[in-house]
Amino acid sequence: TVMNQLLGMHQVEKEISQYFGIKRCIVVAGNSDNQEKVLYEFGDILTDSLDLLLPDGDNIVAVMGGTTMALTAEHMGTLETEKRHNLFVPARGGIGEAMTVQANSVSAVMASKTGGHHRALYVPEQLSLETYNSLLQEPSIQEVLTLIEQSNCVVHSIGRALHMAARRKMSDDEMVMLKQNNAVAESFGYFFDEEGEVVYKIPRIGLQLKDVQKISNVVAIAGGKTKAKAIRAYMKNAPKQTWLITDEAAANEILKGA
Ligand code: F6P
C-alpha cells in the first residue's frame with residue numbers, strides 16, 4: 001500500500017542519516033538516472049528544506065553547478081518573504097562546466113525562481129597562475145568573494161570522480177593520478193576516495209572544503225543508482241549539519257553497501 005511505501009521510505013531516510021551521522025536525509029521515489037521528474041521533485045524538496053532552514057533576515061546562499069543543480073533550480077518556488085531576503089552566489093569560480101550548468105547560471109535561476117537576488121563571479125577557465133592572482137585583486141571579484149565568505153547556506157551536488165574529470169577535460173596525467181589514488185567521488189572541485197578522504201583538489205577561488213564545515217546550513221543533492229558509490233564516499237566525511245536530498249535508487253544501493 002501507499003502507506004507502507006511511505007513508512008518504508010521514512011525508514012530508509014532514518015537509516016541513511018544515521019549511517020552517515022548527518023542531520024537529515026530526504027528520499028524521493030524513483031531513479032534520477034532515467035527519470036527527469038525525480039529532479040523536478042528535488043526542486044520542491046529543496047524549496048521546502050530551505051524554507052525551514054533559512055532564518056529571517058538577509059541570507060547568502062552559495063551554490064554549485066552541474067546538471068542536478070541546474071534542473072533542481074528550474075523547479076524551485078518562492079522563498080522570499082517580507083522578513084527574509086536571499087542572495088544567491090556561486091560557491092566556487094570556474095571549475096569547468098558548460099555555461100548553462102555553471103554555478104553562476106544556477107544561482108541566477110535560483111534567485112529568479114525563489115524571488116531573491118544573485119551575484120555572479122566572473123573567472124574564466126584555464127588561467128595562468130599570474131593572471132589568476134591578479135584577477136583576485138580586482139575589486140569587483142573581491143566584493144563577490146567577500147559575499148561568498150559570508151554565506152550562511154550552501155547547496156551542492158556530488159558527482160563520480162572520473163566522469164567529472166573527463167567532463168572537465170582534465171589532463172591524462174591527472175586522470176592517471178586520480179585512478180592511482182582510487183578517486184570515486186567529486187564535490188566542490190575536490191576528489192575523494194572510497195573512505196571520503198580528499199585525494200586531489202582543483203585550485204580555484206571561492207569556498208574551500210574547510211569553509212563548508214563552518215556553514216550552518218548545508219544541503220547536498222544527488223541521486224541515481226550510478227552515483228550511489230560517489231554519494232557514499234563523499235558523505236562519509238560530510239559536515240554533520242548536512243541535509244542529503246537523494247532518490248530511492250541511490251538510497252537502496254547506498255544501504256546495500258553499508
Ligand atoms: O561541477 C559542479 C558539480 O556540482 C560537481 O561538484 C559535481 O560533481 C557535479 O557538478 C555534479 O554534476 P551532475 O549533477 O551533472 O552529475
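Counting starts at 1 for both ligands and their atoms, in listed order.
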inquiry  = I'd like to check whether T68 has a polar contact with ligand 1, where a contact means an N/O of the residue lying under 3.5 Å from an N/O of the ligand.
reply    = yes
inquiry  = Counting only nitrogen or oxygen atoms and a 3.5 angstrom limit, does I158 reach ligand 1?
reply    = no
ask   = So, do D193 and V184 sit near enough that their side-chain heavy atoms are less than 4.5 Å apart?
value = no
Atoms in ligand 1 flagged as close to [X], the criterion being non-hydrogen separation under 4.0 Å:
X	value
E186	5 (C), 6 (O), 7 (C), 8 (O)
R167	9 (C), 10 (O), 12 (O), 13 (P), 15 (O)
F188	6 (O)
G159	7 (C), 8 (O)
S187	6 (O)

If we set the cut-off at 4.0 Å for heavy atoms, which region of [X] has an atom near ligand 1: side chain, backbone, both, or neither?
X	answer
R92	neither
R168	side chain
K227	side chain

query = Among H163, E97, E186, which one satisfies side-chain hydrogen bond (donor to acceptor under 3.5 Å, both in side chains) with R168?
reply = E186
inquiry  = Treating N217 as the side-chain partner and N152 as the backbone partner, does any N or O pair qualify as donor plus acceptor under 3.5 Å?
reply    = yes
request  = Name the orientation class of the two ring planes belonging to Y234 and F192 (parallel below 30°, tilted from 30 to 60°, perpendicular beyond 60°).
outcome  = perpendicular
query = Which of these, E97, H163, M64, M69, has its nearest heavy atom closest to atom 10 (O) of ligand 1?
reply = E97
query = Are F88 and H118 close enough that their ring centers fall under 6.0 Å?
reply = no
query = Between F188 and H156, does the ring centre distance come in under 6.0 Å?
reply = yes
inquiry  = For E149 and T146: C-alpha separation, side-chain torsions, deciding distance, then whether side-chain hydrogen bond (donor to acceptor under 3.5 Å, both in side chains) applies.
reply    = CA-CA 5 Å; E149 267 167 38; T146 305; 5.3 Å; no
ask   = C25 and T246: side-chain contact (heavy atoms from CB on, under 4.5 Å), yes or no, with the steps?
value = CA-CA 8 Å; C25 172; T246 188; 4.1 Å; yes
